[in-house]
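Let me begin by presenting the structure, written as C-alpha cells, before commenting on it.
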Amino acid sequence: MRIAIAQVRGQIDDPAANVSKAKMILNNTDVDLLIFPELFATGYDRKCSDQMKNLDAFFMNKFNVNVKNKGCSVIFGSPVEENGKLYDCSILTDGENKQIYKKIHLDVNEIFSEKDVFASGNEPKIFQFRDLKIGAVIGNDIMFNELFRWYSSKDADIVVCISAVSKKNADRYEKILRARCIDNSLDIVFVNMVGPDPGFNMAGGSMYLSSDGEILERCTDSSDVRIFKLNEEKIAQAKKNRTFLKEIRKDINWNV
C-alpha cells in the first residue's frame, strides 16, 4: 500500500485555495492514501468558523468529486459543525463516503486556545480503509497514551496523527511519538503543517515511524510530499508483539 504525506500549509480562511492545492497534489500523486495536516481545509486559525459555508461548497463537495475520480482516499483536517457545535476533525473520504474523528484533547496555548473555538470529541475512532485499521489522532492527542493504548488493544494496524505543531514544540512531539510507537507496538504516520500562520511558525518535519520508534521517512521543514510503502508484514509482526496487553492488571485500585 502506497501512502503520501502532504506536508503543506493550509491558507488561512481560504478553502478555495486549499482545495486547489489539494487537487494539484492529488492529480500528481499516484498513491492509495493521501494525508494532509490538521485544519488544512481552513488553516489553523480561531476564525475558521467563519468559513463553514465556503468549506461545504469546496472541500465537502468539489474536492470529493476529485477524490472519487482519482480512485484513492484522502485524510485531511477540517472543522465540522454538528448540532450547533464546532469540532476539530480528521476526515477520511473516498469521494463518496466519509469517516470522521473529533479531536478529544484540545490544545490551549498563549496564541490560540482551541477550547475557545471547538467542542471536545468524546470517543476514539478507527478508520476502516480497505483491510487497514487506522487509529485517528490529532495534534495534542499524542500527549495522552491511553488513546494509543486503546487503538493497540483494538487491533489497529497504524495510527495517523494529523497536526499543526510549531517549531517551538517540534522536538518534544518527536520524542513523544517515538515513545507512543514503542509503548503500544504501533506504526505512526505524523503529518504536520508547515509555514507561517498568525503567531505561529509551523515546524513541518512530518514522518513515518515504525513500531520500534525508528523514523523510516521524514519530510523537510518546508513544503514537501513524501511517498512510502507500508510494510504490512512488519506491521503484522508488531501486532503479534502486543503481548503486554495480556499482562495489564485489572485488579489495581486506581482510586486510592
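Keep in mind the model is a prediction, meaning the values are calculated, not measured. Worth knowing before you read on, the calculation uses all heavy atoms, side chains too, and leaves out hydrogens, waters and symmetry mates.
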Exercise for the section: For residues Ile91 and Ile75, determine if any side-chain heavy atom of one lies less than 4.5 Å from a side-chain heavy atom of the other. Expected result: no
Handout entry: Spatial distance of atom CG (Asp171) from atom CD1 (Ile176) [nearest 0.5 Å]
Key = 11.0 Å
Handout entry: Closest contact, heavy atoms only, Ile162 versus Gly77
Key = CD1-CA, 3.6 Å
Problem - Polar contact flag, side-chain donor to acceptor under 3.5 angstrom, Ser211-Asn241 - result: no
Practice task
Mind running side chain to side chain contact (heavy atoms under 4.5 Å, CB included) on Arg180 and Ile188 for me, showing each step along the way?
Solution key: CA-CA 8 Å; Arg180 297 291 174 258; Ile188 298 177; 3.8 Å; yes
Handout entry: Residues Lys103 and Glu38 bridged, charged N to O under 4.0 Å
Key = yes
Practice task
Could you tell me whether Asp183 and Arg149 make a salt bridge, using a distance below 4.0 angstrom between a side-chain N and a carboxylate O?
Solution key: no
Handout entry: Side chain to side chain, Ile126 and Gln128, heavy atoms closer than 4.5 Å
Key = yes
Practice task
Given side chain to side chain contact (heavy atoms under 4.5 Å, CB included), test Ile3 with Ile227 step by step and report yes or no.
Solution key: CA-CA 6 Å; Ile3 295 178; Ile227 298 173; over 6 Å; no
Problem - Over all atoms of both residues, closest heavy-atom pair of Cys72 and Leu26 - result: SG-CD1, 3.5 Å
Problem - Pairwise distance CG(Asn201) to NZ(Lys167) - rounded to 0.5 angstrom - result: 4.5 Å
Fill in the blank from the handout: dist Ser166:OG -> Tyr44:OH (nearest 0.5 Å) comes out at 9.0 Å
Problem - Whether Glu114 side chain and Asp107 backbone form a donor-acceptor pair below 3.5 Å - result: yes
Exercise for the section: Any chance you could measure Leu177, atom CG, to Ile182, atom CD1, to the nearest 0.5 Å? Expected result: 11.0 Å
Problem - pair Phe112-Val117: side-chain heavy atoms closer than 4.5 Å - result: yes
Practice task
Could you state whether Phe148 and Phe244 fall into the same hydrophobic cluster, counting links through intermediate Ile, Leu, Val, Met, Phe, Trp or Tyr residues with side-chain heavy atoms under 4.5 angstrom apart?
Solution key: no
Practice task
Check the surroundings of atom CZ in Arg2: do more than 12 heavy atoms from other residues, nucleotides or ligands lie under 6.0 Å from it?
Solution key: yes
Problem - Donor-acceptor side-chain pairing of Tyr151 and Glu146 below 3.5 angstrom - result: no
Handout entry: Non-hydrogen side-chain atoms of Val159 and Val189 separated by less than 4.5 Å
Key = no
Problem - Backbone of Ile5 reached by a side-chain donor or acceptor of Arg226 within 3.5 Å - result: no
Handout entry: Donor-acceptor contact present, side-chain Asn28 to main-chain Met24, <3.5 Å
Key = yes
Practice task
Go through Val194 and Asp224 one step at a time and tell me if the side chain to side chain contact (heavy atoms under 4.5 Å, CB included) criterion holds.
Solution key: CA-CA 9 Å; Val194 69; Asp224 200 356; over 6 Å; no
Exercise for the section: Identify the heavy atoms of Leu55 and Ser78 that sit nearest to each other, and give their distance. Expected result: CD2-OG, 3.2 Å
Exercise for the section: Show the numbers, then the answer: is there a side chain to side chain contact (heavy atoms under 4.5 Å, CB included) between Leu186 and Ile158? Expected result: CA-CA 6 Å; Leu186 276 167; Ile158 64 171; 5.9 Å; no
Exercise for the section: Indicate, with yes or no, if Phe129 and Phe76 share a hydrophobic cluster defined by side-chain heavy-atom contacts under 4.5 Å among Ile, Leu, Val, Met, Phe, Trp and Tyr. Expected result: no
Problem - Asn18 (side chain) donor-acceptor with Gln11 (main chain) under 3.5 angstrom - result: yes
Exercise for the section: Using a strict 4.0 Å threshold on nitrogen-to-oxygen distance, state whether Glu123 and Lys102 make a salt bridge. Expected result: no
Handout entry: Ser185 side chain to Cys181 backbone, donor-acceptor under 3.5 Å
Key = no
Handout entry: Sub-4.5 Å side-chain heavy-atom contact between Leu209 and Leu216
Key = no
Exercise for the section: Check for a donor-acceptor pair, side chain of Asp221 on one end and backbone N or O of Gly205 on the other, with a separation under 3.5 Å. Expected result: no
Practice task
Give a yes or no answer on whether the side chain of Arg242 reaches the backbone of Ser152 with a donor-acceptor pair at less than 3.5 Å.
Solution key: yes
Practice task
Using distance alone, with no hydrogens and no angle criterion, decide if Asp94 and Asn64 have a side-chain donor and acceptor under 3.5 Å apart.
Solution key: no
Handout entry: Reference residue Gln7; test side chain to side chain donor-acceptor pair (under 3.5 Å); the match among Ser206, Ser222, Ser223
Key = Ser206
Handout entry: Single-linkage hydrophobic cluster, 4.5 Å side-chain cutoff, Val191 and Val67 together
Key = no
Practice task
May I ask you to test the Ile104-Asn122 pair for a side-chain heavy-atom distance under 4.5 Å?
Solution key: no
Exercise for the section: With the side chain counted from C-beta on, respond yes when Ser163 and Tyr173 share a heavy-atom pair under 4.5 Å apart, and no when they do not. Expected result: yes
Problem - Value rounded to 0.5 Å, distance of CZ in Arg9 from CE in Met202 - result: 9.0 Å
Exercise for the section: Check the hydrophobic clustering (I, L, V, M, F, W, Y; side-chain heavy atoms under 4.5 Å; chains of links allowed) and say if Phe190 and Val225 are grouped together. Expected result: no
Exercise for the section: State plainly whether the residues Glu174 and Arg218 are in salt-bridge range, i.e. N to O under 4.0 Å. Expected result: yes
Practice task
Kindly say whether Leu33 contributes a backbone atom to a donor-acceptor pair with the side chain of Ser73 at under 3.5 angstrom?
Solution key: no
Practice task
Identify whether Val80 and Ile35 are in the same connected component of the hydrophobic contact network (ILVMFWY, side-chain heavy atoms under 4.5 Å).
Solution key: no
Problem - For the student: nearest non-hydrogen atoms of Asn192 and Gly204, plus distance - result: ND2-O, 3.0 Å
Handout entry: N-O pairing of Asp157 and Lys239 below 4.0 Å
Key = yes
Practice task
May I ask you to decide if Gly95's main-chain N or O and Thr93's side chain share a donor-acceptor pair within less than 3.5 Å?
Solution key: yes
Do any side-chain atoms of residues 133-143 form donor-acceptor pairs under 3.5 angstrom with protein atoms, and if so which ones, sequence neighbours left out?
from: Asn140; atom 1: ND2; to: His105; atom 2: O; distance (Å): 3.4
from: Asp141; atom 1: OD1; to: His105; atom 2: N; distance (Å): 2.9
from: Asp141; atom 1: OD2; to: Tyr101; atom 2: OH; distance (Å): 2.7
from: Asp141; atom 1: OD2; to: Ile138; atom 2: N; distance (Å): 3.1

Handout entry: Beyond-backbone contact of Lys68 with Val65, side-chain heavy atoms, under 4.5 angstrom
Key = no
Problem - SB check Asp251 Arg249 (cutoff 4.0 Å) - result: yes
Problem - Rounded distance [0.5 Å steps], OH in Tyr87 versus CD in Glu82 - result: 6.0 Å
Fill in the blank from the handout: Smallest heavy-atom separation, Leu132 atom then Met1 atom, equals CD2-SD, 3.8 Å
Handout entry: Under 3.5 Å side-chain donor-acceptor pair for Tyr208 and Asp187
Key = yes
Practice task
Verify the neighbour count for atom NZ of Lys62: are there more than 12 heavy atoms of other residues, nucleotides or ligands below 6.0 Å?
Solution key: no
